[in-house]
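A short write-up of the structure that comes next.
Numbering of residues begins at 1 and proceeds along the displayed sequence. Quick caveat: nothing in here was measured; it's all calculated off a predicted structure.
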Amino acid sequence: MEYFIFNVTDEQHGASAVTTTTVAFCPSPDAAPESLKSALKAFFDHTVPTDNVLLLGPEGLESTLQTLSTDSFIVNALPHYTQLTAQQKIHTNTISSNNIHTKTTKEKPGTGKLPTLNQIRETGLRHLVEKHHALIDANPHFHYQKNNTTHTDKFLRTANLLVHGPEIAFIASWIAPYITDKTHFILTDTPAIHALAYAAVAIKKTLIPTLKSPVIDSFGSYSGIDQFTFRQDHLVIISASTSGNLQQRLLQKSKTKEDTMVTVLHNGETLPSGHLLCHLNPKTFTQIENHKASSCAMCKRGVPLIIIAGDHFIPETPPVKEVVLLNTDSSTELRTFLKKITLKKLIKINKAVHSDAQKPNEVFIDAANFLTAIQSAPNQELERILYKIPATTNRIIHVDDEGSRTLAEHVQTVTSSYTNRTITILNASEIFVNPHAYTSQTGTTLVVASSLSTGRDLLPISQILRIIQENQSISYLVGIARARNKSSLDQLCSNLQFGERPKQHSLHIVERVFLPAEHALHANAWEMENDFLYYWEKQNLSGDLLNVVRDRLKQIETDGGASGLQDALFWPSSGGSTLKLTPKFALWDHDYTQNSPSQSDVYLTITAILHYLREGMGRLKPWSQNHYNRHVISPDNFYRYNDGVIQASLLRAAHPSELDYQSDLPASRRMLDWILFSISNGNVVYESALKEFLLSLAIGRLQLHKTHHEEVIRALENQPDSTLGFFLHALQHPRN
């Protein structure tokens, strides 16, 4: 990764619209156009298109940034990534090494004002805090004692941010201005952030080669102030603050002056002395509260205490929280949606939607056929929406896909019948060819899309209509809106509805659901399985073992291949039958005795529920999956939901970290017991998902304690089943 890319939304200048700028921070003078193009494509594949693109770098990289911003290789590719109709200018700016409050470029952007450097600094740092979980939140089962002996249920660890070089350089670029020719020492409160000091010095020396490199050391936070020898010629970098007490002690106990102290992150009511790079606004980040040990309410309730100790502020290993899926985790909203979407063969898994797509959709919803189905069996929400379509509607512009065209034709029929108006249907692709040929001063334009996720299809249409629909009478109708969470959906809806005033344009959504990104950054379970099978197909396996591999590959290809999987998602049961759902699925309200649910129906259900829990849209707080906060799928789920198809869905829908029981011996033991029971009982276990458990072990998604892993291998020895023989061989000879 050569760039740090993030979005900055500017809501301070709302005269016409909220503008969003994509900032690509480039720390290297050797950056190549090819690498920037790849980085921008990867970024825009997973985010809503923005108004501006700004290349940013430390002072001294002006020529590099200018070269990149005008390179035809990038300029010509950018509209394809942003889906914006006009070829945009890429703006540039640099972070001064002498003055942190440098003004932004005076060039006027094409679609809105660029953010200030202060906005960029704070937004970038807040993005990193969220991305790397620097605000470490304890679960209800423990709390922390910090270095200053106060107790809290959360703390800031800036060292978590220091993972990728460009991100480190981004933070360091804001520290470099405070390094002068009089700075002979740089002191940190923890050696865990020394990388920031070294990076800041390196940035400064690119501009002042004669600068003498300061000595970098740590004074050891609260416990080290009294013992450390401070000099007058030093700069102090404090990793994080919640009270400002450390800065006050430095002012009192050492020769430190306010203008030589820089705090990277702050979360609290009182701002610290000296310079501050980023205040974590309580509107976005939960405010940290500190409690004296003698009056700590958590201690009084008997909540276990984890001590944060050592120079690196590393807490003791906290307990792992096991998550058990409950009936109530399938919310009423989700159950209603599942009732409408399941049993209709509308869900495809691992589907290649576009021929040039680099990754398939893990969960694909056939919006075209779904809309056809709800039109033939009237959908109350759709009918309610249709009677709210403006009577002045005289044209419908639909996104260029079959489902959107079908929905547009249905809207035309219904709306024409009660308005007695002639309504024209246009494909958006027609508008893009010659927008000005469709300029209109009267009536209302209705934009129709069968589905909505990132907004990549609708926002370009919105951009054109702001120009050609001169009376600004625009409405939107969406069949299925799928987003990561309510916040991201609200932001997307806000972008579409914003005109000369907030929510000027109406937006109607028939159905909505929250799911993981269509194209996940990590490999999904089927991609990992394919890679695993193709590897073993090339090895010198015996005939029976090779046939196991080829049979599974053939099954996948026959059922779906590039068109997506519905009933070959999982390996068959121990008896060789397809895993199917038995009656009375606890997570559904609807009956399915007359229609056999597909495996993809069940997988969608489990995926959605896990996603709702991860995002904090259910009974739990959002899952903070990192070294300090671990969540795993409790092995009890596999006893609670003993249908093989549900167990297989859990194994595939869970993230690998959620199936990692290596450090949780009791959980690993319970998982082992189920696997051993399935091996020893064979066909007695109803539609056992044993082969899915073994596959997850073999590809590394499911991880047991080492001794338990070895027990599985021993239990598979001398089993007559050739499939079990294949998994035994794969477990005995893991890939490097």
Side-chain angles (χ1 to χ4, degrees), residues 133 139 320-338 341-342 347 349-350 361-365 453 482-489 512-528 565 569-570 579 581 585-588 597-626 629-661 664 667 671 689 692-693 695-696 701-703:
H133 305 287
N139 66 41
V320 176
K321 181 171 179 58
E322 294 185 16
V323 178
V324 177
L325 271 62
L326 305 178
N327 292 2
T328 53
D329 290 330
S330 182
S331 65
T332 301
E333 178 188 46
L334 180 58
R335 285 174 183 262
T336 301
F337 177 78
L338 292 171
I341 203 78
T342 55
I347 313 301
I349 305 300
N350 208 45
N361 278 6
E362 181 176 348
V363 176
F364 172 78
I365 299 175
S453 54
R482 64 175 283 176
R484 186 171 64 87
N485 51 37
K486 186 178 183 300
S487 175
S488 60
L489 179 59
R512 71 175 192 173
V513 65
F514 301 112
L515 291 170
E518 291 180 333
H519 302 286
L521 294 175
H522 60 274
N524 65 44
W526 288 272
E527 292 173 296
M528 295 176 70
L565 301 168
L569 273 66
F570 312 123
L579 299 180
L581 193 64
F585 186 20
L587 301 175
W588 286 355
S598 66
Q599 291 181 348
S600 58
D601 290 336
V602 181
Y603 182 76
L604 169 67
T605 302
I606 299 300
T607 296
I609 290 173
L610 288 178
H611 182 71
Y612 273 57
L613 289 172
R614 292 187 193 109
E615 291 290 323
M617 293 184 288
R619 59 189 164 87
L620 302 177
K621 291 182 179 180
W623 293 4
S624 300
Q625 196 75 322
N626 53 66
N629 290 286
R630 291 277 323 284
H631 289 78
V632 297
I633 305 299
S634 173
D636 295 345
N637 286 294
F638 300 98
Y639 294 85
R640 183 183 182 92
Y641 303 100
N642 53 20
D643 274 15
V645 67
I646 303 176
Q647 295 179 342
S649 296
L650 273 169
L651 290 169
R652 299 254 186 173
H655 294 167
S657 59
E658 296 163 357
L659 295 171
D660 185 353
Y661 306 103
D664 188 348
M671 184 63 80
E692 284 290 318
F693 283 96
L695 173 69
S696 292
R701 288 180 59 80
L702 169 62
Q703 297 190 70

Judged by atom type as modelled, is there a donor-acceptor pair below 3.5 Å linking the side chain of [X] to the main-chain atoms of [Y]?
X	Y	value
Asp660	Val632	no
Asp643	Ile646	no
Asn361	Val363	no

Would Arg614 and His631 count as a side chain to side chain contact (heavy atoms under 4.5 Å, CB included) if you check the C-alpha gap in whole Å, the side-chain angles of each, and the deciding distance to 0.1 Å? CA-CA 9 Å; Arg614 292 187 193 109; His631 289 78; over 6 Å; no
Go through the structure and list residues passing side-chain contact (heavy atoms from CB on, under 4.5 Å) with [X], not counting sequence neighbours.
X	value
Ser453	Arg482, Glu518
Glu615	Arg484, Asn485, His611, Met617
Ala608	Leu334, Leu515
Ser696	Leu651, Arg701, Leu702

Measure the spacing between [atom1] of [X] and [atom2] of [Y] and express it to the nearest 0.5 Å.
X	Y	atom1	atom2	result
Ile365	Leu604	CD1	CG	5.5 Å
Gln599	Ser649	CD	OG	7.5 Å
Asp601	Leu569	CG	CG	10.0 Å
Phe364	Ser600	CZ	OG	11.5 Å
Tyr639	Gln647	OH	CD	10.0 Å

Answer whether the closest heavy-atom distance between the side chains of [X] and [Y] falls below 4.5 Å.
X	Y	value
Leu325	Leu610	yes
Ile347	Ile349	yes
Glu333	Phe514	yes
Ile609	Leu587	yes
Pro516	Thr607	yes
Ile341	Phe337	yes

With [X] via side chain to side chain donor-acceptor pair (under 3.5 Å) - residues at least two apart:
X	result
Glu322	Ser634, Arg670
Trp588	Thr605
Glu692	Arg652
Ser330	none

Residue set satisfying salt bridge (charged side-chain N to carboxylate O under 4.0 Å, His left out) with Asp329, at least two apart, ordered chain then number -> Arg619
Holding to salt bridge (charged side-chain N to carboxylate O under 4.0 Å, His left out), I want the full list of residues that pass it with Arg640, two or more places apart in sequence or in another chain. none
Partner residues of Tyr641 under the ring pair (Phe, Tyr, Trp, His ring centres under 6.0 Å) criterion, sequence neighbours left out: none
Using the test ring pair (Phe, Tyr, Trp, His ring centres under 6.0 Å), find all partners of Tyr661 that sit at least two apart in sequence or belong to another chain. none
Using the side chain to side chain contact (heavy atoms under 4.5 Å, CB included) rule, take Leu659 and Gln703 through it: C-alpha gap first, then chi angles, then the decisive distance, then the call. CA-CA 6 Å; Leu659 295 171; Gln703 297 190 70; over 6 Å; no
Return yes if a side-chain donor-acceptor contact under 3.5 Å exists between Glu362 and Tyr603, otherwise no.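 Checked: Glu362/Tyr603 side chains pair up, N/O donor to acceptor below 3.5 Å.
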What is the minimum heavy-atom distance between Pro635 and Ala667, and which atoms define it? CG-O, 3.3 Å
So which heavy atom on Ala689 is nearest to which on Gly644, and how close? CB-O, 3.4 Å
